[in-house]
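Residue numbers start from 1 in every chain, and the chains themselves are labelled A, B, ... in the order their sequence lines are given, proteins ahead of strands. What you see below is based on every heavy atom in this structure, not just the backbone, and it leaves out hydrogens, waters and symmetry mates.
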Amino acid sequence: MPELPEVETIVRALRAPCVGQRIERVTIKWKRHIATPGAKQFSKQICGQTIRDINRRGKFLVLGLTTDTLLIHLKMSGDLTVVPQSAPPDKHAHTVFHFASGNELRFSDTRKFGRVYLVRDPAEVTGDLGPEPLDDTFTARKLGDILHGHHRALKPLLLDQTVIAGVGNIYADESLHRARLHPLRRSHTLTPDEARALWRSLRYTLNQAIRNQGSSIDRVYRGGEHQNHFRAYDRTGEPCPVCGRPIRRILVGQRGTHYCPNCQRP
DNA sequence: AGCGTCACCCGGACGC
DNA sequence: TGCGTCCGGGTGACGC
């Protein structure tokens with residue numbers, strides 16, 4: 001399921017084949033993918049625009065076009081690929097952008113949760129997102145201030161995109177394990193050392209995953225090699241890499257949460 | 001403010 | 001083998 005590292009991997013892969021390409025035509029096979037504007041208006045508005053640049057904000061892909069911005073959220077099962085129009089059809093490619101060059105950008109999404117947004121100002125979509133955890137401006141001090149500004153359990157706090165952008169279930173569990181912090185620990189009770197440990201583990205975990213070109217646990221999403229490096233996520237019952245005790249799985253806010261009961265004390 | 005619950009989807013895993 | 005059922009994921013809406 002694409003989180004920050006997976007989206008970053010896709011962004012890097014798409015730049016070369018997409019930047020500079022002119023969108024000739026759009027095929028929309030499932031209209032609800034188009035969050036805004038309506039499907040008809042979407043096609044009309046996007047055709048003729050050229051992709052200027054591709055970036056990421058949180059889990060959104062941000063494609064700068066001639067006059068508008070195209071934002072894509074992949075949710076759990078979305079994927080983007082550029083292929084020649086002669087490539088075999090993909091039954092889950094619900095929206096396809098046809099380039100003047102003959103290639104096409106396919107947005108395929110088995111579970112149909114993904115959404116695309118065509119707007120003048122990207123802030124209409126990403127305006128409420130919290131800071132980027134890998135930015136130079138995201139210091140240990142800043143994370144400390146965020147933690148102390150909330151009275152919440154760490155796990156749901158990390159998943160809240162308005163607090164920190166881009167962290168999902170995998171990297172929340174992995175970061176908390178590396179920082180030896182219990183997922184239900186209240187954010188305002190962390191000592192400065194613990195906040196610094198979380199800051200370091202969060203950045204380390206995300207950077208490592210980008211280096212490994214992301215993870216894939218849900219096999220619906222292709223993903224990279226990082227899934228072989230999980231310490232806690234999806235390892236219920238398997239030994240903790242630090243102490244050897246079995247990893248436990250609990251539900252926190254309806255989300256599967258994996259942690260080591262020995263290393264991550266309440 | 002923070003938390004719980006539901007809805008949106010469907011491939012894959014599981015039980016029979 | 002084949003069928004039915006459940007699960008899980010990110011997020012937004014809603015109620016407490």
Colleague: Just how far, in rounded Å, is P of B:dA1 from NE2 of A:His148?
Modeller: 19 Å
Colleague: Is the distance from OP1 or OP2 of B:dG4 to the nearest side-chain N or O of A:Gln254 less than 4.0 Å?
Modeller: no
Colleague: Here's a test for you: under side-chain contact (heavy atoms from CB on, under 4.5 Å), which of A:Asp173, A:Leu176, A:Leu157 qualifies with A:Pro183?
Modeller: A:Leu176
Colleague: With under 30° as parallel and over 60° as perpendicular, where do the rings of A:His73 and A:Phe60 fit, or are they tilted in between?
Modeller: perpendicular
Colleague: With respect to the phosphate group of B:dC10, does any side-chain polar atom (N or O) of A:Lys112 fall under 4.0 Å of OP1 or OP2?
Modeller: yes
Colleague: Using only side-chain N and O atoms of A:Tyr171, determine if any of them is under 4.0 Å from OP1 or OP2 of C:dG10.
Modeller: no
Colleague: Is there side-chain contact between A:Ile10 and A:Glu8, with heavy atoms separated by less than 4.5 Å?
Modeller: no
Colleague: Base, sugar-phosphate alone, or nothing: which one does A:His92 contact when heavy atoms must sit under 4.0 Å apart?
Modeller: sugar-phosphate
Colleague: Can a donor-acceptor pair under 3.5 Å be found between the side-chain atoms of A:Arg255 and the base atoms of C:dG10?
Modeller: yes
Colleague: Using the salt bridge (Lys or Arg N to Asp or Glu O under 4.0 Å) rule, take A:Glu3 and A:Lys59 through it: C-alpha gap first, then chi angles, then the decisive distance, then the call.
Modeller: CA-CA 6 Å; A:Glu3 302 181 19; A:Lys59 300 175 192 173; 5.6 Å; no
Colleague: For A:Lys155 and C:dT11, give me the distance from atom NZ to atom P, rounded to whole Å.
Modeller: 13 Å
Colleague: Under 4.0 Å: is that the gap between some side-chain N or O of A:Arg32 and OP1 or OP2 of B:dA7?
Modeller: no
Colleague: Just how far, in rounded Å, is C1' of C:dT11 from NE2 of A:His73?
Modeller: 7 Å
Colleague: Quick one: A:Gln161 CD to C:dG12 C1', roughly how many Å, whole number?
Modeller: 12 Å
Colleague: Would you indicate, yes or no, if C:dG8 has its OP1 or OP2 atom less than 4.0 angstrom from a side-chain nitrogen or oxygen of A:Arg249?
Modeller: yes
Colleague: Within the pair A:His150 and B:dA1, is there a side-chain N or O less than 4.0 Å away from OP1 or OP2?
Modeller: no
Colleague: Please verify the inter-ring angle class for A:His258 with A:Tyr233; under 30° counts as parallel, over 60° as perpendicular, anything in between as tilted.
Modeller: perpendicular
Colleague: Figure out the NZ/P separation between A:Lys75 and B:dG11, and round it to whole Å.
Modeller: 18 Å
Colleague: Figure out the CD1/P separation between A:Ile170 and C:dG8, and round it to whole Å.
Modeller: 14 Å
Colleague: Rounded to the nearest Å, what distance is computed from the CG atom of residue A:Leu147 to the P atom of nucleotide B:dA1?
Modeller: 18 Å
Colleague: Take atom CZ of A:Phe113 and atom P of B:dC10, then tell me their distance rounded to the nearest Å.
Modeller: 9 Å
Colleague: Could you please name the option among B:dG2, C:dT11, B:dT5 that lies closest to any side-chain atom of A:Arg152?
Modeller: B:dG2
